[in-house]
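A quick write-up on the structure given underneath.
Chain letters run A, B, ... following the sequence lines, proteins first, then strands; residues in each count from 1.
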Protein chains: 2
Amino acid sequence: MAAVVFDTVKIRATVALVTDRYHHGDLRRALIGAAVEAIAESGPSALSLRAVAKRAGVSHAAPAHHFGDKAGLLTAVAAEGYDRFADALERAWEATGDFVEVGVAYVRFAIDNKAYFETMFRPELLHEDDPDLQRAEARSNAALVRGAGEQRPDAAFNAEALGAWSLVHGFAGLFLGGNFPPAVQADPEAALREIARRVRFGE
Amino acid sequence: MAAVVFDTVKIRATVALVTDRYHHGDLRRALIGAAVEAIAESGPSALSLRAVAKRAGVSHAAPAHHFGDKAGLLTAVAAEGYDRFADALERAWEATGDFVEVGVAYVRFAIDNKAYFETMFRPELLHEDDPDLQRAEARSNAALVRGAGEQRPDAAFNAEALGAWSLVHGFAGLFLGGNFPPAVQADPEAALREIARRVRFGE
DNA sequence: ACGTCCAACTTGACACTGTCAAGACTAGGG
DNA sequence: CCCTAGTCTTGACAGTGTCAAGTTGGACGT
């Protein structure tokens, strides 16, 4: 009997996540989700706090209460994005141990998670000093470096890794902007693999 | 005597460019200039038409009169940017005939003309169907292709050119976002040349 | 020389935005 | 059972883009 009661409590707590009680339950999460939806539709710079609030079914000032200001909400989105990004890169490296596959995962993430990706790389919209953001950013940087190989001890930077990073990042950005010819826009992953086949790193 | 009068007229017309008469003379130009300044300070998405108007010393609705709406002003900025961009790429190709130098010019333009560059590659802020924009965009694409070499007739796209384009575009974007290690941020051109030395295109 | 037309620009208004202060509500601990 | 602390709402304010209606003044035909 006690078990049954306990279950009921759990169910009510779960239901509270999507219900419209005064105390929402996990409004913070819901707001981030609503923000991601809105960003996916019209980009991070067009995000409206009031529209996000409406989407989540709360009052217009609720988002600011949780995130301080608009940049705070976008920062939370970016931080979550970097975390998912790091996950994706780590998965790719662990599954294949292949340099190129990490690059493919980079681009695939950008395409499949346009909203996160576009928010992550727009520093003028974020609170760059936010500790959560910095932690998540560091995670994804580490995952990236891990997939890019060793750095020679005498160099100030790893030129091969920087080149590869630039390539996949630029590819993703140009693709999302619709700047490529139709054949590439139609199947970006095939195009990227074709490029990878034709590019050699190292002198 | 007639010549003197004519000169005076010309002088008055020139002065009108910077003066505060009711009919400005070339307000369109002045507004674009003010917009570029404002964008350089805080990015294209933070642009305020009213702030641009104030900077140019005209009423708050003057920009909308000339450009239709905010996206119209940004489109004009982007079009001018693409034109200057095409100029820079053409110059680099004609001066050196070197593939790599066109890439360097690409990145150098992005860094030296942050405001233009960031506006150009933000399609959600622009009127992409604007004929002036399309013309200027086509010009810079042509200049880019010219520097990237021939395309094999059997391929749907030029993989080497796309790879090089992605690389320089990504490098520029990451640099502008401040994502690189300090040594690279301090001297991006040297870093880019180092990368170019270590990357080989073609199988 | 002069009136008339028309593009350039202004004025005023509206709905919408982010942000802030003050208040209403409620879950959880004493 | 109340009281507190955190969650969310309400109401207000200045600033924004956009539109309609007004003013201004240069150019052009007569």
Side-chain angles (χ1 to χ4, degrees), chain A residues 8-10 12-32 34-35 38-39 41-77 124-127, chain B residues 5-6 8-32 34-35 38-39 42-77 124-127:
Chain A
T8 308
V9 170
K10 274 186 85 174
R12 295 197 69 236
T14 304
V15 166
L17 296 181
V18 289
T19 205
D20 56 342
R21 305 181 314 167
Y22 195 101
H23 282 57
H24 183 287
D26 200 353
L27 182 53
R28 192 188 148 86
R29 268 243 87 62
L31 288 171
I32 292 180
I39 294 169
E41 287 168 18
S42 31
S45 48
L47 184 74
S48 149
L49 286 185
R50 293 173 110 107
V52 168
K54 191 168 287 181
R55 210 183 274 259
V58 292
S59 84
H60 63 103
H65 175 261
H66 276 275
F67 300 99
D69 57 3
K70 184 155 128 176
L73 172 53
L74 286 166
T75 300
V77 170
E124 79 275 15
L125 301 179
L126 310 177
H127 289 142
Chain B
V5 171
F6 184 59
T8 308
V9 170
K10 273 186 82 172
I11 287 164
R12 294 197 70 235
T14 305
V15 166
L17 294 181
V18 289
T19 206
D20 56 344
R21 305 182 315 165
Y22 195 101
H23 284 57
H24 184 286
D26 199 355
L27 182 53
R28 194 188 147 86
R29 266 244 87 61
L31 287 171
I32 293 180
I39 294 169
S42 31
S45 49
L47 184 74
S48 150
L49 286 185
R50 293 173 109 106
V52 168
K54 191 168 288 181
R55 213 184 273 258
V58 291
S59 85
H60 63 102
H65 175 262
H66 276 274
F67 300 99
D69 56 2
K70 184 156 130 177
L73 173 53
L74 285 166
T75 300
V77 170
E124 80 275 14
L125 301 179
L126 309 177
H127 288 143

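Distance check, rounded to the nearest 0.5 Å: CG of B:Leu27 to CZ of B:Arg29 gives 11.5 Å. The CG atom of A:Leu74 lies 8.0 Å from the CG atom of A:Leu49; values are rounded to the nearest 0.5 Å. Separating the NE2 atom in A:His66 from the CG atom in A:Leu73 is a distance of 11.0 Å, to the nearest 0.5 Å.
For the pair B:Leu125 CG and D:dG17 C1', the computed distance is 14 Å after rounding to whole Å. Look at CZ on B:Arg29: it is 16 Å from P on C:dA8, rounded to the nearest Å. Look at CG on B:Leu31: it is 12 Å from C1' on C:dA8, rounded to the nearest Å. A straight line from NZ of A:Lys70 to C1' of C:dT19 spans 12 Å, rounded to a whole angstrom. Rounded to whole angstrom, the span from the NE2 atom of A:His127 across to the C1' atom of C:dG18 amounts to 12 Å. In this entry the distance linking CG of A:Leu74 with C1' of C:dT17 reads 14 Å, nearest Å. Taking atom CG of residue A:Asp26 and atom C1' of nucleotide C:dA27, one finds them 16 Å apart after rounding to whole Å. Rounded to an integer number of Å, the gap from CG of B:Leu27 to C1' of C:dC9 is 8 Å.
For the pair B:Ser48 and B:Lys54, the minimum side-chain heavy-atom distance is 4.5 Å or more. Here the side chains of B:Thr75 and B:Phe67 are not in contact, with every heavy-atom distance at 4.5 Å or above. With a 4.5 Å cut-off on side-chain heavy atoms, B:Val77 and B:Leu47 do not count as touching. With contacts defined as side-chain heavy-atom distances shorter than 4.5 Å, the pair B:Val58/B:Leu31 qualifies.
Across all non-hydrogen atoms, the minimal contact from A:Lys70 to A:Ser45 is NZ-O, 4.3 Å.
A search for salt bridge (charged side-chain N to carboxylate O under 4.0 Å, His left out) contacts involving B:Arg55 returns B:Glu37, B:Glu41, not counting sequence neighbours.
Contacts of residues 42-52 of chain A with DNA chain C (heavy atom under 4.0 Å): A:Leu47, A:Ser48, A:Leu49, A:Arg50. DNA chain C lies under 4.0 Å from at least one heavy atom of each of the following residues of residues 58-69 of chain B: B:Val58, B:Ser59, B:His60, B:Ala61, B:Ala62, B:His65, B:His66.
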